[in-house]
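Let me give you the structure first, and then I'll get to my questions.
Letters A, B, ... mirror the listed sequences (proteins, then strands); counts begin at 1. The analysis underlying the following values was restricted to heavy atoms, covering all of them including side chains, and did not include hydrogens, waters or symmetry mates.
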Amino acid sequence: MIDIQRIRDNSQEVIRRYKVRNFEAGELVNRIKELDARRRQYQQELDSTLADSKAIARRIGELFKAGKGEETALWKEKSATLKQQAKKLQDDLDAAAGELHELMTNLPMLPHESVPAGDSEADNEIVREEGNIPVLHENAKSHWDLATELDIIDFAAGTRVTGSGFPVYKGRGAALQRALVGFFLEEALEAGYTEYQPPLLVNADSAYGTGQLPDKDGQMYHVASDDLYLIPTSEVPVTNIFRDRILNEADLPVKCTAYSVCFRREAGSYGKDVRGLNRLHQFDKVEIVQIAHPEKSYEVLEEMVGYVAVLLRKLELPFRVARLCGGDLGFASALTYDMEVFSAGQNRWLEVSSISNFETYQAQRLKLRFRPSEGKNRLAHTLNGSALALPRVMAALLENNQTPDGVKIPRVLQKFTGFETL
RNA sequence: GGAGAGGUGGCCGAGUGGUCUAAGGCGCACGCCUGGAAAGCGUGUAUCCGUCAAAAGCGGAUCAAGGGUUCGAAUCCCUUUCUCUCCGCCA
């Protein structure tokens, strides 16, 4: 949710900025301004009514104490009238505030100045590209063929046990997964992140806090009997650890990392995008989350992109960094960089990380603030990114490192796997 | 799952219808005292909304959450929720 102050201060600027997202906010913003004014009007009237009412109650108390109980009848009557008025004002206030909140929920985050205009993925701005595209031997295969041949992933078994999109990792495939998790966590700890093991099920408040609800309802698996959601990313539980908290300015930035399994319904996906490991209902991911000072959050974002780039370099994977255009930008994000690795067997780029600055979007919902050295408490900025999502990294490793003699394991992973080739 | 007891400020804890405008303590901050420190003494120490250009000030809300009784609720009633203890089940 954006800060309503920005609409009060300069609604025209807000409307203009939303155009980068191809979002016509004019009508919505005007209704919000109107409701905001009405809400404040009701608030004032209610406050003064309640003030009167309290004064009368105090007066009655004094009369009783002075033994003049018979003089209170008139005041009681007056108080009853005020109470009725207050009730109505409270209802009006609640209605206005409720509707206002509802409309505010429909506003995406304001995009950062650097976000390019555009409609789709095709308009994203490639800001960096690194590494060499591997030249594969003649019989090079896709990772799904390779993995099946090497007997390290059993897609068919997963389908039998659960359904499509739930692969079974086996033997050295399972070991490689574990190695990647170990490597990612070790790197994160070295970079100063604190490791968390969060719950994999969250309540609706948490899902709302990070913006999964109501915006992305339907992406998450819902456990109806207990009204809980399977997490689509550990961003949700980790960020919600800080819901309703007021941090000390000196504690910023807070740096968290977590390994977790992630669950996504991915309703409506089909075709080559979902072959093999390209898109799954269940996958493993190491996530990094930072809670940053508003004036430092874009430095933090760049730092996080730099951090993920180091991981990819160490894994010897060719990658590129894209700044998402307005049309591709997530609802809650002000600026997002996607990190994509080139996967030679499929001859395409695969997104392995998405790093975003949500500014105050989540913080507003989470009531996540910090105490500055001077002045009033302020909303913090939240950021997160994958570091990294495993399946596509594994896909690229398999495809790019295949040789007639087997698949080579990158040097940095060998101490975790205990083997050098597959 | 069954039975019982509870939820009060950063923390502990008092408070069973009207100076609760929440006692007292701890912690923290500042000041006095001191050669320096401790102790001691003093002062301050929640969040949100509104008013204001802003701050101060002022008004309102908040004692788990929601509803009710009452002129008046932390206090009484109802619902929900969470925690603890015992029993049951259990990796």
Expressed in whole Å, how much space separates the C1' atoms belonging to B:G9 and B:A5?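 These two C1' atoms come out 23 Å apart once rounded.
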Between B:U51 and A:Q44, is there an OP1 or OP2 to side-chain N/O distance shorter than 4.0 Å?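 Indeed, a polar side-chain atom of A:Q44 lies that close.
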Taking CG from A:D205 and P from B:C82, how many angstroms apart are they, rounded to a whole number?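 Distance check: A:D205 CG to B:C82 P gives 12 Å.
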Distances under 3.5 Å between nitrogen or oxygen atoms of protein and nucleotides 45-47 of chain B:
from: B:U47; atom 1: OP1; to: A:R371; atom 2: NH1; distance (Å): 3.1
from: B:U47; atom 1: OP1; to: A:N377; atom 2: ND2; distance (Å): 3.0
from: B:U47; atom 1: O3'; to: A:R369; atom 2: NH1; distance (Å): 2.7

Rounded off to whole Å, could you give me the CZ-to-C1' distance for the A:R40 and B:C48 pair?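 Distance check: A:R40 CZ to B:C48 C1' gives 16 Å.
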Let me know the distance between CG of A:L82 and C1' of B:G72, rounded to the nearest Å.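 About 13 Å, once rounded to whole Å.
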Tell which nucleotide pairs with B:G1, taking only Watson-Crick or G-U wobble pairs whose two distances are both under 3.5 angstrom.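 Paired with B:C87.
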Taking 4.0 angstrom as the limit, do A:R39 and A:D36 come out as a salt bridge?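 Salt bridge present between A:R39 and A:D36.
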Any-strand Watson-Crick or G-U partner of B:G17, both distances under 3.5 Å: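 When the pairing criteria are applied, nothing turns out to pair with B:G17, so the answer is none.
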According to the Watson-Crick and G-U wobble definitions, with both distances under 3.5 Å, which nucleotide is paired to B:C41?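 Check on B:C41: paired to B:G31, both distances under 3.5 Å.
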Indicate the ring-plane relationship of A:Y307 and A:Y193, choosing parallel, tilted or perpendicular according to the 30° and 60° boundaries.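 Tilted, since the angle between the ring planes falls between 30° and 60°.
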What distance, rounded to whole Å, do you find between the two P atoms, one in B:G27 and one in B:C84?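 That atom pair is separated by 28 Å.
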B:U34 versus B:U8 - spacing of their C1' atoms, nearest Å: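 Each nucleotide's C1' atom is 40 Å from the other's.
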Close N/O contacts between protein and nucleotides 53-63 of chain B (under 3.5 Å):
from: B:G59; atom 1: N2; to: A:D47; atom 2: OD2; distance (Å): 2.6
from: B:G60; atom 1: O2'; to: A:D47; atom 2: OD1; distance (Å): 3.0
from: B:A61; atom 1: OP2; to: A:K54; atom 2: NZ; distance (Å): 3.0

Over 60° means perpendicular and under 30° means parallel, so tell me whether A:Y18 and A:F23 are parallel, tilted or perpendicular.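 The rings of A:Y18 and A:F23 stand perpendicular, inter-plane angle above 60°.
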Who is the Watson-Crick or G-U wobble partner of B:G24, with both distances under 3.5 Å?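 B:C12 - that is the nucleotide pairing with B:G24, both distances being under 3.5 Å.
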Write down the distance separating the P atoms in B:A64 and B:A73, rounded off to the nearest Å.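 To the nearest whole Å, 15 Å.
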Carboxylate-amine/guanidinium contact A:R31 A:E34, below 4.0 Å: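 Here A:R31 does not pair with A:E34 in a salt bridge, since their nearest N and O are not under 4.0 Å apart.
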Quick one: does A:E399's side chain have a donor or acceptor within less than 3.5 Å of a partner on A:H143's backbone?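 Pair found, side chain donor or acceptor close to backbone of A:H143.
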How close or far is atom P of B:C82 from atom CG of A:D226, stated in whole angstroms?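 Whole-Å distance recorded here is 10 Å.
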Quick check against the 3.5 Å criterion: does A:T148 have a side-chain atom that pairs as donor or acceptor with the backbone of A:W144?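 Answer holds: yes.
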Could you check whether A:R8 gets within reach of a base, just the sugar-phosphate, or nothing at all, counting any heavy atom under 4.0 Å?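 Sugar-phosphate contact only.
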Are the charged groups of A:K255 and A:E303 less than 4.0 angstrom apart, N to O?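 Result for this pair is yes, salt bridge flagged.
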When rounded to the nearest Å, what value does the distance between P atoms of B:G31 and B:U16 take?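 The same atom, P, in both gives a distance of 40 Å.
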Return the pairing partner of B:U75 with a 3.5 Å limit on both distances, Watson-Crick or G-U wobble; otherwise return none.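 None - no nucleotide pairs with B:U75, as no candidate has both distances under 3.5 Å.
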Pick the P atom in B:U80 and in B:C26, then give their distance to the nearest Å.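 So the two P atoms sit 41 Å from each other.
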Does any nucleotide pair with B:G7 by Watson-Crick or G-U wobble geometry, both distances under 3.5 Å, and what is it?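 By the stated definition (distances under 3.5 Å), B:U81 pairs with B:G7.
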Are A:E420 and A:R411 close enough for a salt bridge, meaning some N to O gap below 4.0 Å?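 The answer is no: the pair does not qualify as a salt bridge.
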Rounding to a whole Å, what distance do you find between A:D91:CG and B:G67:P?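 One finds 10 Å between P of B:G67 and CG of A:D91, rounded.
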Separation of atom CG in A:D244 from atom C1' in B:A64, rounded to whole Å: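 Atom-to-atom, A:D244 to B:A64, this comes out as 12 Å.
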Please figure out whether A:I56 or A:D36 has its closest RNA chain B nucleotide nearer the 5' end.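 By nearest-heavy-atom nucleotide position, the 5'-most residue is A:D36.
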Could you tell me how far B:G25 sits from B:G15 if I compare only their C1' atoms? Round to whole Å.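 Taking atom C1' in both B:G15 and B:G25, they lie 15 Å apart.
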Within the 4.0 Å heavy-atom criterion, would you say A:R59 contacts the bases, only the backbone, or no part of the nucleic acid?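 If one applies the 4.0 Å heavy-atom cut-off, A:R59 turns out to touch nothing in the nucleic acid.
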B:A14 versus B:A55 - spacing of their P atoms, nearest Å: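 B:A14 and B:A55 have their P atoms separated by 39 Å.
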Between A:E295 and A:R378, does at least one N-O distance fall below 4.0 Å, as a salt bridge requires?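 So A:E295 pairs with A:R378 through a salt bridge.
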Under the rule for salt bridge (Lys or Arg N to Asp or Glu O under 4.0 Å), what residues qualify as partners of A:E186, not counting sequence neighbours?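 With neighbours one apart ignored, the set is A:K415.
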Residue met sooner reading RNA chain B from 5', once A:G61 and A:K87 are mapped to nucleotides: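 So the residue in question is A:G61.
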Identify the nucleotide, in any strand shown, that forms a Watson-Crick or G-U wobble pair with B:G50, with both distances under 3.5 Å; if there is none, say none.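 Paired with B:G50, as far as the under-3.5 Å criterion goes, is B:C58.
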Ignoring hydrogens and geometry beyond distance, is a side-chain donor-acceptor pair present between A:N203 and A:S206 at under 3.5 Å?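 A:N203 vs A:S206: donor-acceptor pair found between side chains.
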Is there a Watson-Crick or G-U wobble partner for B:U70 with both distances under 3.5 Å, and if so, which one is it?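 Pairing partner, where one exists within any strand: none, as none qualifies.
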Could you tell me the separation between the CG atom of A:L100 and the C1' atom of B:G50, rounded to a whole number of Å?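 For the pair A:L100 CG and B:G50 C1', the rounded distance is 14 Å.
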Expressed in angstrom and rounded to an integer, what is the separation of A:L228 atom CG from B:C82 atom P?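 Those two atoms, CG and P, are 10 Å apart.
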Salt-bridge criterion met for A:E149 and A:K141 (N-O under 4.0 Å):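 Counted as a salt bridge, because a side-chain N and a carboxylate O are separated by less than 4.0 Å.
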